[in-house]
Amino acid sequence: MGVDAYSWPGSDDELVEVQYTLAADAEAALAAQPWTFDGQPAVGGCFVAFARGESGPGHRGDRAWAAAVSLRGRAIVAQSVAVQQVPAAYAPGLLARREGPILQAAVGDLRPGPDVLLVDATGLDHPRGAGLALHLGAILGVPTVGVTHRTLVASGAVPEHLRRGATAPVYVRDRCVGYWVCTKTAARAVVAHAGWRTSPETAAETVLAASSSRARTPLPLRHARRVARTTRASAGAG
DNA sequence: GCGACAG
DNA sequence: ATCTTGTCGC
C-alpha cells in the first residue's frame, strides 16, 4: 500500500495500470481511514496555469506555473509555487500525466500541509475510478476532494433550483461518486468529487464550506488560480 | 463513421 | 486549460 507505487507513470499505458490499482486501494483507504469535515480545518487548493496563446488543448513540454495555498477560514496559512515544463499532452482520463508532477511539487512545499486539498479534477468519476484528484491525494498522503465544471463519465441532473447549498448526486454505474453543488445562488453548480479518503457527501460538504456566497469557485482554488496566473505574468508569459 | 472528451 | 464575445448585475 506504499504511496511509492502511485508515482507518476512515464507512459500512458503505465498510468492506466496504476489507476486500476489506485481505485481498489482508494476504497480500502476510505473504509479504514475516512476523512470527515470537523471544526475549522486548513483547506488547501492548487491550480496549474499554462502559457497563453498555445494552439490546441495542450502539448508535451508546455510551460506551466502551479500554485498551492492553504486557508483556515479566509486566512492564508501557507502558499507555494512551482514552475515546470509538463511531460505530456492533455488527454481525457490521463490528466495525471500532464498535471500530476507539477501539482505534487507545489503542494509538497506547503508548510504546514493542509488537512484536505481541493483539486481541479475528478476522483471516482473516471473511466478507471481514479482521477487526478484521487491520485494526487494518494501520492501526497493527503485527503482530497475534486472540483470540476462538469462530470467526466458520471451522470446526474443538475439541481433544479440554483440556491446556494442545493445539491444533486452524480453516478457511475449506480454508484454515487459526487454531487453537483450550488455554491452561489443563481450561478451554475460545480461538481464536488469524492477523492482520496473522502466520500461523496464529505466532498460536497467541503466544497460548500470552502465557498463564500459571493464566489462560485471555492476560495482555496480561487486563490491558487490567482497566484498561478500572477506568477505566469511575472515570468513574462501573460 | 461521428461526436464527446476532467484540465 | 486558453480564447472570444456578449450579457447581466453590483
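Hydrogens, waters and symmetry mates are skipped; everything else that's a heavy atom, side chains included, is used. In the text below, chain A, chain B and the rest are named by the order of the sequence lines, each starting its count at 1. For clarity, every value in this text was computed on a predicted model and none was experimentally measured.
In this structure, A/Leu94 reaches the bases: a heavy-atom distance under 4.0 Å links it to at least one base atom across the strands shown. A/Ala133 comes within contact range of no nucleotide atom at all, as no heavy-atom separation falls under 4.0 Å. As judged by a 4.0 angstrom heavy-atom cut-off over every strand, A/Arg229 is placed among residues touching the sugar-phosphate backbone only. Among the protein residues, A/Thr148 comes within range of the sugar-phosphate backbone only, with heavy atoms under 4.0 Å from sugar or phosphate atoms but none that close to a base. Using a 4.0 Å heavy-atom cutoff across all strands shown, A/Gly93 reaches at least one base atom of the nucleic acid. Within 4.0 Å (heavy atoms only), A/His126 reaches at least one base atom of the nucleic acid.
Summarising the local packing, CD of A/Gln40 is surrounded by more than 12 heavy atoms from other residues, nucleotides or ligands at distances under 6.0 Å.
We find that CZ of A/Arg214 is positioned 12 Å from P of C/dC10, with the value rounded to whole Å. For A/Arg226 and C/dA1, the CZ to C1' distance is 20 Å, given to the nearest whole Å. Residue A/Asp125 contributes atom CG, which lies 12 Å from atom P of B/dC5 at whole-angstrom precision. Atom NE2 of A/His149 and atom C1' of B/dC5 are 15 Å apart (whole Å). For the pair A/Leu132 CG and C/dA1 P, the computed distance is 13 Å after rounding to whole Å. One interatomic measurement links the two molecules: CZ of A/Phe47 to P of B/dG7, which rounds to 10 Å at whole-angstrom precision. Rounding to whole angstrom units, CG of residue A/Leu221 and P of B/dG7 are separated by 11 Å. One can place CG of A/Asp120 at 7 Å from P of C/dA1, the figure rounded to the nearest angstrom.
Stacking here means ring centres nearer than 5.5 Å and ring planes tilted less than 30 degrees, and by that measure A/Tyr90 stacks onto B/dG7.
Across B/dG7, B/dC5, C/dT2, the shortest atom-to-atom separation from the side chain of A/Pro57 is found for B/dG7. For A/Arg52, the side-chain atoms get nearest to C/dC3 when compared with the rest of B/dA6, C/dC3, C/dA1.
For A/Arg98 (side chain) and A/Ala88 (main-chain N/O), a donor-acceptor pair under 3.5 Å exists by modelled atom type.
Listed pair A/Arg150 / B/dA4 fails the phosphate criterion, with no side-chain N or O lying under 4.0 Å from OP1 or OP2. Look at A/Arg232 and you'll find a side-chain N or O under 4.0 angstrom from OP1 or OP2 of C/dT2.
Remark: A/Ser70 OG to A/Leu117 CG distance equals 9.0 Å, nearest 0.5 Å. For the atom pair CD (A/Glu99) and CG (A/Leu136), the distance works out to 10.5 Å, reported to the nearest 0.5 Å.
In the model, A/Asp38 has a side-chain atom that pairs as donor or acceptor with a side-chain atom of A/Thr36 under 3.5 Å.
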